[in-house]
Amino acid sequence: MMFGRIPVEDASGAILAHSVAAAGLNFKKGRVLSPTDIDMLARAGIATIMAARLETGEVGEDDAAQRIADAVRGAGVSISTAHTGRTNLYAERQGLALIDAARVNAINAVHESITIATLAPYERVERRQMLATIKIIPFAAPAWAVDAVTAIARDGNAVIDTA
């Protein structure tokens, strides 16, 4: 990932690293800047921004979180839409949280940019209760790490489910 201060006119497609609030604008960090955003920033008098650009072999934070969530979830689990590199997994029914702690630990050991936090295995849960959260720490994760995590997740029963 390339990270640093860049001229606004060169920032189309970059990921905003710090929120920007100026002249009626309120862009949150993590926003992928569009050509319209660039025009608005320039009209607001912003000359440079702190931004990140993904490089070949990196997966954006929302896409990575969503791919991992899809891989770890069982039939009794729903997933929120990934936002700012985070997605949450929820119980679709009352019962027990089925968490494969060994595979969660293996996933968390793959790369520091990927983390899963869960309830304790066999904890009682209510319908719509959060079971786990997946977070991509920076703005992207290496594609090889996302692939390794999804391979761990798909090797056996669901990593996160309910019964």
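- Contact between Gly13 and Val32 at its shortest, heavy atoms only, is O-CG1, 3.8 Å.
- Phe3 and Ala17 make their closest contact through CE1-CB, 3.3 Å (heavy atoms, listed as atom of the first residue, atom of the second, distance).
- Using a 4.5 Å heavy-atom threshold, the side chains of Glu58 and Met1 count as touching.
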Could you go through the side chain to side chain contact (heavy atoms under 4.5 Å, CB included) check for Trp144 and His111 one step at a time? CA-CA 10 Å; Trp144 68 263; His111 192 268; 3.7 Å; yes
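- Contact between Ala22 and Ile46 at its shortest, heavy atoms only, is CB-CD1, 3.8 Å.
- Contacts of Lys29 classified as side chain to side chain contact (heavy atoms under 4.5 Å, CB included), with partners at least two apart in sequence or in another chain: Ser19.
- In terms of heavy atoms, Tyr122 sits closest to Leu96 at O-CD2, 3.4 Å.
- Of the inter-residue distances, the one linking Thr48 atom OG1 with Asp10 atom CG reads 11.0 Å to the nearest 0.5 angstrom.
- At a threshold of 4.5 Å between non-hydrogen side-chain atoms, the residues Thr133 and Leu89 do not count as touching.
- Side-chain contact check for Leu41 versus Phe27: some heavy-atom pair is nearer than 4.5 Å.
- Between Val59 and Leu54, the closest side-chain pair of non-hydrogen atoms is not below 4.5 Å.
- Arg67 and Thr150 form no side-chain donor-acceptor contact under 3.5 Å, judged by distance and modelled atom types alone.
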Going through the distances and angles, do Ser12 and Leu33 end up as a side chain to side chain contact (heavy atoms under 4.5 Å, CB included)? CA-CA 5 Å; Ser12 186; Leu33 296 171; 6.0 Å; no
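- Judged by distance alone, the side chain of Arg93 and the main-chain N or O of Thr162 form a donor-acceptor pair under 3.5 Å.
- Under the 4.5 Å side-chain contact rule for hydrophobic residues, Ile152 and Ile160 share a cluster.
- Using a 4.0 Å cut-off between a side-chain N of Lys or Arg and a carboxylate O of Asp or Glu, Arg31 and Asp37 qualify as a salt bridge.
- When atom types are taken as modelled, the side chain of Arg128 and the backbone of Ala91 share no donor-acceptor pair closer than 3.5 angstrom.
- Looking at Val146 and Ile114, their side chains come closer than 4.5 Å, going by heavy atoms from C-beta outward.
- Within the model, atoms CD1 of Ile15 and CE of Met50 stand 13.0 Å from one another, a figure rounded to the nearest 0.5 Å.
- Proximity of a side-chain donor or acceptor of Asp161 to a complementary backbone N or O of Leu98 within less than 3.5 Å is not detected.
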Ile6/Arg53 under side chain to side chain contact (heavy atoms under 4.5 Å, CB included): CA gap, chis, key distance, verdict: CA-CA 10 Å; Ile6 61 173; Arg53 288 194 187 277; 4.0 Å; yes
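- In this structure, Ile68 and Ile136 approach most closely via the heavy-atom pair CD1-CD1, 4.1 Å.
- Nearest heavy-atom pair across His18 and Leu16 is O-CG, 3.1 Å.
- For the atom pair Ile137 CD1 and Glu112 CD, the distance stands at 9.5 Å (nearest 0.5 Å).
- Ile79 has its side chain within reach of Asp70: a pair of non-hydrogen atoms, C-beta onward, lies under 4.5 Å apart.
- Taken from CD in Gln66 to CD1 in Ile134, the straight-line distance is 8.5 Å, to the nearest 0.5 Å.
- When atom types are taken as modelled, the side chain of Asp100 and the backbone of Ala158 share no donor-acceptor pair closer than 3.5 angstrom.
- Under a 3.5 Å cut-off, the side chain of Arg43 and the backbone N or O of Ile38 do not form any donor-acceptor pair.
- Between Met2 and Glu55 the shortest side-chain heavy-atom distance falls below 4.5 Å.
- Checked by atom type and distance alone, the side chain of Asp62 pairs as donor or acceptor with a backbone atom of Gly85 at under 3.5 Å.
- Heavy-atom contacts from other residues, nucleotides or ligands closer than 6.0 Å to CG of Asn157 number 12 or fewer.
- For the pair Gln94 and Gln129, the minimum side-chain heavy-atom distance is 4.5 Å or more.
- Legend: residues meeting side chain to side chain contact (heavy atoms under 4.5 Å, CB included) with Asn108, ordered by chain and number and at least two apart, are Val104, Thr115, Ile116.
- Of the possible donor and acceptor atoms, none in the side chain of Lys135 sits under 3.5 Å from a partner among the backbone N and O of Ser113.
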